[in-house]
Amino acid sequence: QKSDGQKSDGQKSDGQKSDGQKSDGQKSDGQQQQQQQPSTPGRQEVEQARKAMQDALDKLKEGQRDDASQDQTDAIAKLQQAKERLEEILRQLREEERERMLTKLEDRFQQMLAVQILIYDNTVPLGKIPEDQRETRHISKAKELARKEAELALEAEKALTLLKDEGSSVAFPEAVEQMRDDMRTVMTRLEAAQVGELTQGIEQDIIETLEELVEALQREIEQGKAKPQDQKKQQQQKQKEELLNKLAELKMLRSLQLRINRGTKRLGRLFDGEQAEQQDILDQLRILGERQRRVQKATNDIATGKNQ
């Protein structure tokens, strides 16, 4: 017993109720939390399946095999419903994640394209100035452009990491990797105030690559939005959802091959004779040879399904 007018056995005074009950029609904390928490997808079906299993168990103990079999069938049906519901939610989540990734990449490439065009537009006037007439301000301008190009190369590296982590695409990571290498080459050449035809040609290749990447990503985003839900479900059932479809992959491979061909012709125009003597031209030829090998490998991976 408690003093000061308090009641015994856990009861409280002033009209309050014992055992966690509240006055004035208030509900317990457990009831409030239960109402606030959203229902887990498939939980209702699983609970119904559990009850059907329990009913089947009770009837088996009583020897009611036919009735128990019906309860078991009901349990299987409920579990199947829960499975389908969870699969649909998972498919939607994957589709939303794919769209977010495509949009993120498209925004990044759009920003990179604007900066690359700016760099090119500033490189061309510098290239028109004869080398013996270039002043300190011209060299400083070239170094400033080199710093901007270095920032672009870093952004390309981030995009490349995203594509490689996703894992389903072959041609697009190769395109971004080549573009990143071109950006590093342009950065080095601008740092040395080499602003001539070769540097400008590589910058044009970068711009073209970015334009194609943006266009391909925009097309994929629009197709994803326009695709009916039943078609998306069928595609999900047939194969793993890919970031980019095969047609987009093949178009990018074709563009990569065209750029290799154009680069080879561009270097050919810079030759003084049948063989290249300048070290930078020799380095570019080596790079083109390596790229040809990688494009061939990427094409083979798509043809053989190695990327699946």
>> Could you tell me if the side chain of T188 sits less than 4.5 Å from the side chain of E149, heavy atoms only?
In response: no
>> Within the 3.5 Å criterion, strictly below it, is a donor on N261 or Q257 matched to an acceptor on the partner's side chain?
In response: yes
> Any idea which heavy atoms bring M101 and L163 closest together, and the distance?
Replying inline: CE-N, 4.1 Å
> If you round to the nearest 0.5 Å, how far is CD of Q223 from CD1 of I221?
Replying inline: 11.0 Å
> Nearest 0.5 Å, what's the CZ-CE distance between R254 and M252?
Replying inline: 12.0 Å
> So, for A156 and M179, which heavy atoms are closest and what is the spacing to 0.1 Å?
Replying inline: CB-CE, 4.1 Å
> Does any donor atom in the side chain of Q110 or E106 lie under 3.5 Å from an acceptor atom in the other side chain?
Replying inline: yes
> Are V295 and I287 connected in a single hydrophobic cluster, I mean Ile/Leu/Val/Met/Phe/Trp/Tyr linked by side-chain heavy atoms less than 4.5 Å apart?
Replying inline: no
> If every non-hydrogen atom of N122 is compared with every non-hydrogen atom of L126, which pair is closest and at what distance?
Replying inline: O-CG, 3.4 Å
>> Rounded at 0.5 Å granularity, tell me how far CG in L213 sits from CD in E208.
In response: 10.5 Å
>> Are M183 and Q116 packed together at the side-chain level, in the sense that at least one heavy-atom pair is separated by less than 4.5 angstrom?
In response: yes
>> Would you say that L57 contacts Q54 through its side chain, given a criterion of any heavy-atom pair below 4.5 Å between the two side chains?
In response: yes
> Are M187 and I139 in one and the same hydrophobic cluster, where Ile, Leu, Val, Met, Phe, Trp and Tyr link if side-chain heavy atoms are under 4.5 Å apart?
Replying inline: no
Show me the donor-acceptor pairs within less than 3.5 Å that the side chains of residues 194-201 make with the rest of the protein, sequence neighbours left out.
from: T199; atom 1: OG1; to: R189; atom 2: NE; distance (Å): 2.7
from: T199; atom 1: OG1; to: Q194; atom 2: O; distance (Å): 2.6
from: Q200; atom 1: NE2; to: V195; atom 2: O; distance (Å): 2.9

> What are the two closest non-hydrogen atoms of A142 and A193, and how far apart are they?
Replying inline: CB-CA, 4.1 Å
> Do you know which two heavy atoms are closest between T209 and A175, and how far apart they sit?
Replying inline: CG2-O, 4.1 Å
> Taking NZ, NE, NH1 and NH2 as the nitrogens, is one of them in K164 or E177 under 4.0 Å from a carboxylate oxygen of the other?
Replying inline: yes
>> Which residue in the set L210, L162, T103 passes side-chain contact (heavy atoms from CB on, under 4.5 Å) when paired with R108?
In response: L162
> Does some side-chain heavy atom of L256 sit less than 4.5 Å from a side-chain heavy atom of R294?
Replying inline: no
>> I'd like to know if D182 and R259 make a salt bridge, using a cut-off of under 4.0 Å between side-chain N and carboxylate O.
In response: no
> Any side-chain heavy atom of K143 sitting closer than 4.5 Å to one from S140?
Replying inline: no
>> Using a strict threshold of under 4.0 Å (side-chain N to carboxylate O), is an ion pair present between K141 and E135?
In response: no
>> Tell me whether E144 is salt-bridged to R147, with the criterion being a basic N under 4.0 Å from an acidic carboxylate O.
In response: no
>> With rounding to the nearest 0.5 angstrom, report the OG1 to CG distance, T185 to D283.
In response: 9.0 Å
> Which residue, L190, V124, L145, forms the side-chain contact (heavy atoms from CB on, under 4.5 Å) with E203?
Replying inline: L190
>> Please check this pair: side chain of E249 against backbone of A171, looking for a donor-acceptor N/O pair closer than 3.5 Å.
In response: yes
> So, E157 and R184, do they make that salt bridge, N to O below 4.0 Å?
Replying inline: yes
> Any Lys/Arg nitrogen of E290 or R293 sitting under 4.0 Å from an Asp/Glu carboxylate oxygen of the other?
Replying inline: yes
>> Could you see if L113 belongs to whatever hydrophobic cluster contains L102? Use Ile, Leu, Val, Met, Phe, Trp, Tyr and a side-chain cutoff under 4.5 Å.
In response: yes
> Under 6.0 Å from the CD atom of E131, do we count more than 12 heavy atoms belonging to anything else shown?
Replying inline: no
> Are V115 and L105 connected in the hydrophobic side-chain network, where two residues link if heavy atoms are under 4.5 Å apart?
Replying inline: yes
>> Assess the residue pair Q284 and I202 against the criterion (side-chain contact (heavy atoms from CB on, under 4.5 Å)); give the C-alpha distance rounded to whole Å, side-chain angles, the decisive distance to 0.1 Å, and a yes or no.
In response: CA-CA 10 Å; Q284 287 299 310; I202 299 174; 3.9 Å; yes
> What are the two closest heavy atoms between R291 and Q178, and how far apart are they?
Replying inline: NH2-O, 2.9 Å
> Quick one: are D301 and K297 in side-chain contact, heavy atoms under 4.5 Å?
Replying inline: yes
> With no hydrogens and no angle check, is any side-chain donor or acceptor of R180 less than 3.5 Å from a backbone partner on E155?
Replying inline: no
> Same cluster or not: are V170 and L258 linked, directly or through other Ile, Leu, Val, Met, Phe, Trp or Tyr residues, by side-chain heavy atoms under 4.5 angstrom apart?
Replying inline: no
> Could you give the distance from CG (L217) to CZ (F172), rounded to the nearest 0.5 Å?
Replying inline: 6.0 Å
> Can you find a side-chain donor-acceptor pair between Q111 and D107 that sits under 3.5 Å?
Replying inline: no
> Taking atom CG of L267 and atom CG of L282, what is their separation to the nearest 0.5 Å?
Replying inline: 9.5 Å
>> Do K251 and R219 have side chains that approach each other closer than 4.5 Å (heavy atoms only, starting at C-beta)?
In response: yes
